[in-house]
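Read the structure below first, then the notes.
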Amino acid sequence: MNFDTLLKGMDCTCGKHHSCDIGFIAVENNAVKHLTSLCKDYKNILIVADENTYKAGGEKAEAYIKDKNIDRVIFSGDTVLIPNEEAIDKIREKTADTDLIVGIGSGVIQDLCKYVSFFDKIPYYIVATAPSMDGYASTVAAMILRGMKVSYITKVPEAIIADTSIIKNAPLDMIKSGYGDVIGKYSALNDWKLSNLLFGEKLCEYIYNLTRDMLLATVPLADKLLSRDEESIKTLTEALIGVGIAMAYQENSRPASGSEHHISHFFELNGIRKGTYYFPHGTDVAYSTVISCAVREKLLNADFNCKRFVMSDEEYISGITDAYGETANECIELQKKSGNYTADRIPLYLAKEKEIKEVLSEIPTAKEMEELLCKIGLDMQKFYDTYDNKTINKAVLFAKDLRDRFTALWMYYDIFGTERIVL
């Protein structure tokens, strides 16, 4: 992938100038060598990592940072790191004189560095240690604040260093997670297309096709990724970074995040709230994509000439409180402001039924998606053993409330209401 061209930006036929503020991207063997020149104008550098990511890439990265004052925030590697207030404060304790943050890690390390960098106005680089998620080049920082999943529009890193000799040795679960995050774009792009069809949400064909091309380039790589083939790891990493650039071009996460991400966020939030296990982000996205495909299959066979489902206020308050606990009020206020629950979309569905079903049929079925995941070693039975049917159906019903964004989950609610997805 030619990142130099993408980073230059472009005047698009959609009428917008697309740009991405990342200054430098390297995805290659021994990419950390570039840190010597990249860090030459900085004096006080803060390394942020956890014990595992520092061991994987921190020491090698620091060897190329010459003659600088280096401080470190190294989180425990024994517990799941949550991007919350406590973790933010731990970084901020060390930033008084910092003029550059260098994150060594992937998802959560990236989000924490991105958040602190943006709000404290300190530039940052990220040295990737795993091809595990698509946030490296995005402006979105996914945080857990006040117990709620909150997405902040921040800034992209000044530089992304993805040393394939490091990332090919990432735990296989993280490689699977990255593959799963890319596969989830089937669902995200489909949701975007639905919203464009129904409500005229602007869809840039260039960004759509850029994301889809990266998805299709990744799909056949499962076997080689499992054997840690370096060229396949490079392609996957380029796709994950490229999707982030697509989000920067779009100025939101629409190209990469739809119903599958909302469902996965539901599982993550429930796990954090209840102290129970949840899968790594991309793995949850992959499994949730199967569920979103099942939702679409049911909609394909639905009769749109129906009465709109309306949940009673009492049932809604009870259900969403059960789903989100003390953070339910934020979802309630968001949906009250959006008007999603009062809108009658059935006439629109009926008027565009043929086109809707054409869009819904463009992506793999739930069974075909399961087969894709099986090739990368993601067994759906593990998903069902971790999240029971009640939790999965609760996600289908209430995951949509986390965002003010139309997806197939809203259509499912309008037509089927609280009817369970049969798994």
Side-chain angles (χ1 to χ4, degrees), residues 22-26 30-133 135-137 141-145 152 154-171 174 237 280-281:
I22 300 170
F24 182 83
I25 297 174
N30 202 34
V32 291
K33 67 185 179 184
H34 295 288
L35 285 170
T36 301
S37 58
L38 288 168
C39 293
K40 65 183 176 63
D41 294 329
Y42 297 100
K43 181 180 179 181
N44 300 309
I45 297 175
L46 178 65
I47 302 291
V48 179
D50 67 35
E51 291 168 342
N52 298 319
T53 62
Y54 186 79
K55 183 178 179 181
E59 293 173 358
K60 184 176 181 181
E62 281 193 27
Y64 288 94
I65 302 174
K66 306 290 187 181
D67 304 319
K68 306 296 177 183
N69 298 322
I70 295 177
D71 204 349
R72 301 171 190 82
V73 174
I74 310 294
F75 293 97
S76 170
D78 295 329
T79 56
V80 175
L81 179 59
I82 297 173
N84 58 13
E85 294 88 345
E86 181 181 354
I88 292 167
D89 289 343
K90 189 167 183 179
I91 296 173
R92 282 179 166 160
E93 288 173 3
K94 297 285 188 83
T95 57
D97 298 317
T98 298
D99 49 20
L100 175 69
I101 296 171
V102 178
I104 314 285
S106 56
V108 176
I109 293 294
Q110 162 87 355
D111 286 327
L112 286 166
C113 292
K114 194 181 296 184
Y115 182 93
V116 174
S117 167
F118 179 74
F119 287 103
D120 295 8
K121 297 180 172 53
I122 304 169
Y124 84 102
Y125 300 159
I126 186 71
V127 177
T129 56
S132 56
M133 52 88 218
Y136 285 119
M143 310 299 290
I144 306 291
L145 302 180
Y152 286 90
T154 58
K155 287 185 68 177
V156 291
E158 301 283 335
I160 300 172
I161 307 296
D163 188 329
T164 53
S165 70
I166 293 173
I167 58 178
K168 75 173 184 177
N169 294 315
M174 299 190 82
T237 305
H281 169 74

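- Checked against salt bridge (Lys or Arg N to Asp or Glu O under 4.0 Å), Glu158 has no partners two or more places apart in sequence or in another chain.
- Arg72 pairs with exactly one of Glu62, Glu51, Glu59 by the salt bridge (Lys or Arg N to Asp or Glu O under 4.0 Å) rule, that one being Glu62.
- Two residues are said to be in side-chain contact when any heavy atoms from C-beta on lie closer than 4.5 Å; Asp163 and Asn30 meet this criterion.
- With values rounded to the nearest 0.5 angstrom, Lys60 atom NZ is found 10.0 Å from Lys33 atom NZ.
- Between Lys114 and Gly135 the shortest heavy-atom distance is NZ-O, 3.0 Å.
- The heavy-atom pair separating Gln110 from Ala137 by the smallest distance is NE2-N, 4.5 Å.
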Test side-chain contact (heavy atoms from CB on, under 4.5 Å) on Thr237 and Ile167; report intermediate values, then the result. CA-CA 9 Å; Thr237 305; Ile167 58 178; 3.1 Å; yes
Taking it one step at a time, do Asp120 and Thr98 satisfy side-chain contact (heavy atoms from CB on, under 4.5 Å)? CA-CA 10 Å; Asp120 295 8; Thr98 298; over 6 Å; no
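- No more than 12 heavy-atom neighbours from other residues, nucleotides or ligands sit within 6.0 angstrom of NZ on Lys155.
- Heavy atoms only, all atoms of each residue included: Ile65 and Ile70 are closest at CG2-CD1, 4.1 Å.
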Test side-chain contact (heavy atoms from CB on, under 4.5 Å) applied to Phe75 and Ile109, step by step: CA-CA 9 Å; Phe75 293 97; Ile109 293 294; 4.2 Å; yes
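- Of all heavy-atom pairs spanning Thr129 and Ser106, the tightest one is OG1-N, 4.0 Å.
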Donor-acceptor pairs under 3.5 Å, side chain of residues 84-91 to any protein atom, not counting sequence neighbours: which ones?
{"residue": "Asn84", "atom": "OD1", "partner": "Glu86", "partner atom": "N", "Å": "3.3"}
{"residue": "Asn84", "atom": "OD1", "partner": "Ala87", "partner atom": "N", "Å": "3.1"}
{"residue": "Glu85", "atom": "OE2", "partner": "Arg146", "partner atom": "N", "Å": "2.8"}

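- Side-chain atoms of Phe24 and Ile161, non-hydrogen and from C-beta on, do get closer than 4.5 Å to each other.
- A search for side chain to side chain donor-acceptor pair (under 3.5 Å) contacts involving Ser117 returns nothing, not counting sequence neighbours.
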Candidate pair Val73 and Leu112, rule side-chain contact (heavy atoms from CB on, under 4.5 Å), full reasoning: CA-CA 11 Å; Val73 174; Leu112 286 166; over 6 Å; no
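- Nearest heavy-atom pair across Pro83 and Ala142 is CG-O, 3.6 Å.
- Considering all non-hydrogen atoms of both residues, Ala162 and Ala31 come closest at O-CB, 3.7 Å.
- Partners of Tyr152 under the ring pair (Phe, Tyr, Trp, His ring centres under 6.0 Å) rule, at least two apart in sequence or in another chain, are Tyr115, Phe119.
- Within a 6.0 Å radius of NZ in Lys94, more than 12 heavy atoms belonging to other residues, nucleotides or ligands are found.
- Separation of atoms CG (Asn52) and CD1 (Ile104) is listed at 13.5 Å; rounding is to 0.5 Å.
- Between the CD1 atom of Ile144 and the CG atom of Leu81 there is a distance of 11.0 Å, given to the nearest 0.5 Å.
- When side chains are defined from C-beta on, Pro157 counts as touching Tyr124, because their heavy atoms get closer than 4.5 Å.
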Let me have the donor-acceptor pairs involving side chains of residues 39-47, under 3.5 Å, with sequence neighbours excluded, atom names and distances please.
{"residue": "Asn44", "atom": "OD1", "partner": "Asn69", "partner atom": "ND2", "Å": "2.9"}
{"residue": "Asn44", "atom": "ND2", "partner": "Asp97", "partner atom": "O", "Å": "3.2"}

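- Contacts of Asp111 classified as salt bridge (Lys or Arg N to Asp or Glu O under 4.0 Å), with partners at least two apart in sequence or in another chain: none.
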